[in-house]
Protein chains: 2
Amino acid sequence: MTDPTSPRNVTADDVAEAAGVSRWTVNRAFKKDASISPKTRSKVMAAAQALGYVPDLHAAALASTRSNLVALLIDDFANPHKLVMLERLTRALRSRGWDTLLVNTLDPDDAAPALLNASQRRVDATILIGLQFDDEVLRAAYKARRVKKLIIFARGSEDPNTTSICVDDEAATREIAQYVLTRGYRRPLFLAGPRTTSAHLLRKETFTRVWQENRGVVPDSATVTAYDPLLSAEVAHDTLAPRSRDALPDIIVCENDALALGAIDTIRHRLGLTVPGDIAVIGFDDVPQAAGPNYRLTTYRQPMTEMANYLVDVLESAETTDLDRRFLGELVVRDSA
Amino acid sequence: MTDPTSPRNVTADDVAEAAGVSRWTVNRAFKKDASISPKTRSKVMAAAQALGYVPDLHAAALASTRSNLVALLIDDFANPHKLVMLERLTRALRSRGWDTLLVNTLDPDDAAPALLNASQRRVDATILIGLQFDDEVLRAAYKARRVKKLIIFARGSEDPNTTSICVDDEAATREIAQYVLTRGYRRPLFLAGPRTTSAHLLRKETFTRVWQENRGVVPDSATVTAYDPLLSAEVAHDTLAPRSRDALPDIIVCENDALALGAIDTIRHRLGLTVPGDIAVIGFDDVPQAAGPNYRLTTYRQPMTEMANYLVDVLESAETTDLDRRFLGELVVRDSA
DNA sequence: GAACTTTTTGCACCCGAGTGCAGAACCTCT
DNA sequence: AGAGGTTCTGCACTCGGGTGCAAAAAGTTC
């Protein structure tokens with residue numbers, strides 16, 4: 001692929017020579033709002049174009065304190081929502097000049113080396129998206145040097161060293177709970193995902209509280225150890241199969257869609273019941289298949305694009321504190337509840 | 001997050017001083033099979049540990065001809081199989097010291113800038129995974145400088161500038177076709193994905209040929225313009241809904257699972273028929289939900305892990321030619337066909 | 001057109017490490 | 001112990017561009 005006629009890279013020096021200016025002027029031409037006359041800039045750009053020059057980002061990162069690179073840590077590959085998040089995040093980042101290093105921390109032992117590696121690449125920020133092992137990762141991050149910003153995306157955190165960008169779980173869950181109450185469901189089961197301490201979702205807590213305030217009892221619940229539809233199907237089965245018909249919930253409120261999909265599958269195919277006829281199901285995230293003809297899932301949609309854009313705002317912000325932000329989404333009512 | 005007590009980065013020089021050796025010896029200590037005595041190395045490592053030194057990868061990339069970085073170009077976020085591929089690839093890459101730049105080329109206009117950007121980061125290779133717009137991307141890649149290796153993953157290509165790592169589509173499809181014949185299906189419909197010229201799947205061609213050889217007729221087919229279950233559900237509906245009952249296929253052979261999932265959804269929920277009772281469905285990829293209680297999809301599994309490892313072999317190989325390789329997977333028979 | 005501003009441009013120095021080779025240190029064998 | 005070989009270590013030079021400031025050019029004002 002490499003052009004054999006150009007044994008050496010074309011550098012700013014080459015362009016400078018071609019354009020009859022100094023190297024620094026060439027750099028300025030490539031820098032947004034640098035102090036350079038339009039005339040010189042266009043002359044430089046023409047020369048650069050002709051020579052096929054593009055600035056080397058490694059050299060730039062080395063020389064400056066910024067790399068325009070972020071590490072995206074993900075360990076939740078069974079959750080279809082992650083694909084949506086990746087799409088939205090990479091798009092928002094790229095459109096504003098940021099590159100994304102995708103780091104797989106599925107194996108918890110990889111988390112620490114991953115952070116270390118990110119620091120070796122001088123990433124300007126590390127973004128955690130919906131991690132199961134975030135406690136550990138956070139601990140590792142604190143130890144790592146040069147991790148400038150730590151952003152927890154789509155998940156809450158009170159950690160002062162961290163910026164958390166997520167939906168307002170309390171408000172969202174209150175809306176969901178209200179919907180469940182209004183529609184007259186009486187025996188909800190809350191299907192929760194893995195619990196972590198550093199980064200959380202307040203969904204189960206909020207639902208429990210609201211339900212208790214309104215009905216005076218703590219709702220039933222069950223926990224799945226990963227946001228995996230297949231695992232969720234297992235847990236749903238183990239939880240519901242032993243019960244007599246009238247001990248079954250009339251609605252399963254799920255911490256997210258990954259769990260909801262599995263729950264629906266089990267209700268239909270392993271319990272032989274219908275959704276929402278026998279048991280209704282409500283999710284969170286609005287994954288693509290939630291809108292498909294099979295699930296028609298009632299769920300809560302997070303404003304992903306908006307959140308992704310805000311994330312880039314945070315990256316570009318000079319502030320280092322008080323950047324947390326909670327977003328409001330919307331309940332998308334379909335057929336499942 | 002940055003330790004305020006260390007205003008400056010700790011560099012190899014610092015470690016060298018602390019360990020009483022030269023900087024170059026420090027570098028050697030961090031380099032696999034470098035010429036250095038075990039004694040010196042452990043001394044250096046101890047000092048490095050104490051100071052919290054890690055080599056700066058930007059500086060390394062700048063000084064050498066390798067960056068240990070690859071760009072992963074993806075534009076197919078609706079296909080759940082991509083999440084599996086991302087997981088396998090990032091894991092294989094990381095375990096052997098490679099970092100992954102995730103580049104979203106969903107918008108075809110982003111492809112060229114994405115390639116450019118990758119070259120600015122001096123990636124050692126660009127990996128294309130299942131692109132819809134690969135023709136365009138390839139063309140852009142040829143123009144870009146410094147794109148050393150171009151690898152097409154999970155898709156075939158005859159392009160000599162490219163290394164293609166994928167399953168043997170012909171063998172796989174022949175096995176599928178044989179299965180379809182053996183099980184006595186008589187009216188298949190082949191559901192194909194988008195067609196590209198540079199990088200291809202030979203599934204439709206092969207199925208058509210085998211069927212024609214055996215039954216003397218060209219099988220029915222339809223095309224979906226993206227590997228998106230929702231879109232596939234639409235196309236399946238538009239194709240099948242107008243037909244009378246006995247003009248319906250008895251099996252839908254899908255180019256991959258993304259299409260198969262959508263087809264099943266439509267058969268069940270929009271046509272009110274059963275799978276496999278009325279219409280059987282067969283997929284390709286073995287996405288996670290294929291194993292779930294809802295789909296129980298019969299499909300062909302690609303040896304992803306093996307393929308990912310081979311990809312890293314290619315990266316590390318000094319050869320630049322003749323690295324294409326076809327893998328064999330296995331037909332996973334479940335309930336859908 | 002002199003005196004003063006403001007905009008442009010040039011430059012010294014630095015970011016942190018890889019390469020290939022020459023010289024030093026160590027080891028083996030007789 | 002010394003020759004001959006092997007393993008280590010040190011160094012000059014290089015990768016490509018950012019920063020802050022000083023000098024130069026261009027623009028203003030009276």
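Chain A is the first sequence line, chain B the second, and so forth, proteins listed ahead of strands; every chain is numbered from 1. Nothing here was measured: the structure is a model prediction, and the numbers come from that model.
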Atom CG of D14(B) to atom P of dG16(C): distance rounded to whole Å? 9 Å
How are the rings of H58(A) and H58(B) set relative to one another: parallel (under 30°), tilted (30 to 60°) or perpendicular (over 60°)? tilted
Start with the C-alpha gap between R121(B) and D99(A), add the side-chain angles, then the distance that decides, and say whether salt bridge (Lys or Arg N to Asp or Glu O under 4.0 Å) holds. CA-CA 9 Å; R121(B) 294 262 180 216; D99(A) 285 324; 2.7 Å; yes
Is N27(B) close enough to dG18(C) that one of its side-chain N or O atoms is under 4.0 Å from OP1 or OP2 there? yes
Rounded to whole angstroms, how far apart are NZ on K31(B) and C1' on dC8(D)? 14 Å
Both G20(A) and A59(A) contact DNA chain C. Taking the nearest nucleotide for each, which residue is further toward the 5' end? G20(A)
Within this structure, what is the CG-to-P distance between D13(B) and dC14(C), rounded to whole angstrom? 13 Å
Would you tell me if any nitrogen or oxygen in the side chain of S22(B) comes within less than 4.0 Å of OP1 or OP2 on dG10(D)? yes
Please tell me if R122(B) has a side-chain N or O lying less than 4.0 Å from either OP1 or OP2 of dG16(D). yes
When you get a sec, tell me which of dG18(C), dT19(D), dG16(C) is the closest nucleotide to the side chain of W24(A)? dT19(D)
Send over the distance from R66(A) CZ to dT19(D) P, rounded to a whole Å. 10 Å
Rounded off to whole Å, could you give me the NE2-to-C1' distance for the H58(B) and dG18(C) pair? 16 Å
Comparing V21(B) and T65(A) on DNA chain D - which has the more 5′ nearest nucleotide: V21(B)
Could you tell me whether the side chain of S317(B) and the main chain of D313(B) form a donor-acceptor pair under 3.5 Å? no
Using only modelled atom types and a 3.5 angstrom limit, is any donor from either the side chain of R28(A) or the base of dG10(C) paired with an acceptor on the other? yes
Can you tell me if the side-chain N/O atoms of T25(A) get under 4.0 Å from OP1 or OP2 in dG10(C)? yes
Using a cut-off of strictly less than 4.0 Å, decide whether S64(B) has a side-chain nitrogen or oxygen near OP1 or OP2 of dC15(D). no
Measure the shortest side-chain to side-chain distance between L102(B) and L73(B) over non-hydrogen atoms and say whether it is less than 4.5 angstrom. no
Check every atom of dT9(D), dA12(C), dA17(C) against the side chain of A60(B) and return the nucleotide holding the closest atom. dA17(C)
Establish whether the base of dG18(C) is bridged to the side chain of R23(B) by a donor-acceptor pair shorter than 3.5 Å. yes
Whether K39(A) contacts dT9(C) is assessed here as follows: a side-chain N or O lying under 4.0 Å from the phosphate OP1 or OP2. Is that the case? no
Give the nucleotide from the list dC21(D), dG16(C), dC11(D) with an atom nearest to the side chain of A63(B). dG16(C)
R121(A) has an atom CZ; how far is it from atom P of dC15(C), in whole Å? 21 Å
Atom CG of N68(A) and atom C1' of dG18(D) are separated, to the nearest Å, by 13 Å
When you measure from the side chain of D124(B) to the backbone of N68(B), do you find a donor-acceptor pair of N or O atoms at a distance under 3.5 Å? yes
Between S157(A) (side chain) and I152(A) (backbone), is there a donor-acceptor pair under 3.5 Å? no
What is the separation between atom CG on D124(B) and atom C1' on dG18(C), rounded to the nearest whole Å? 14 Å
Between dG17(D), dG16(D), dA12(D), spot the one nearest the side chain of Y53(A), thanks. dG17(D)
Quick one: is T40(A) getting a side-chain N or O under 4.0 Å of the dT9(C) phosphate, OP1 or OP2? yes
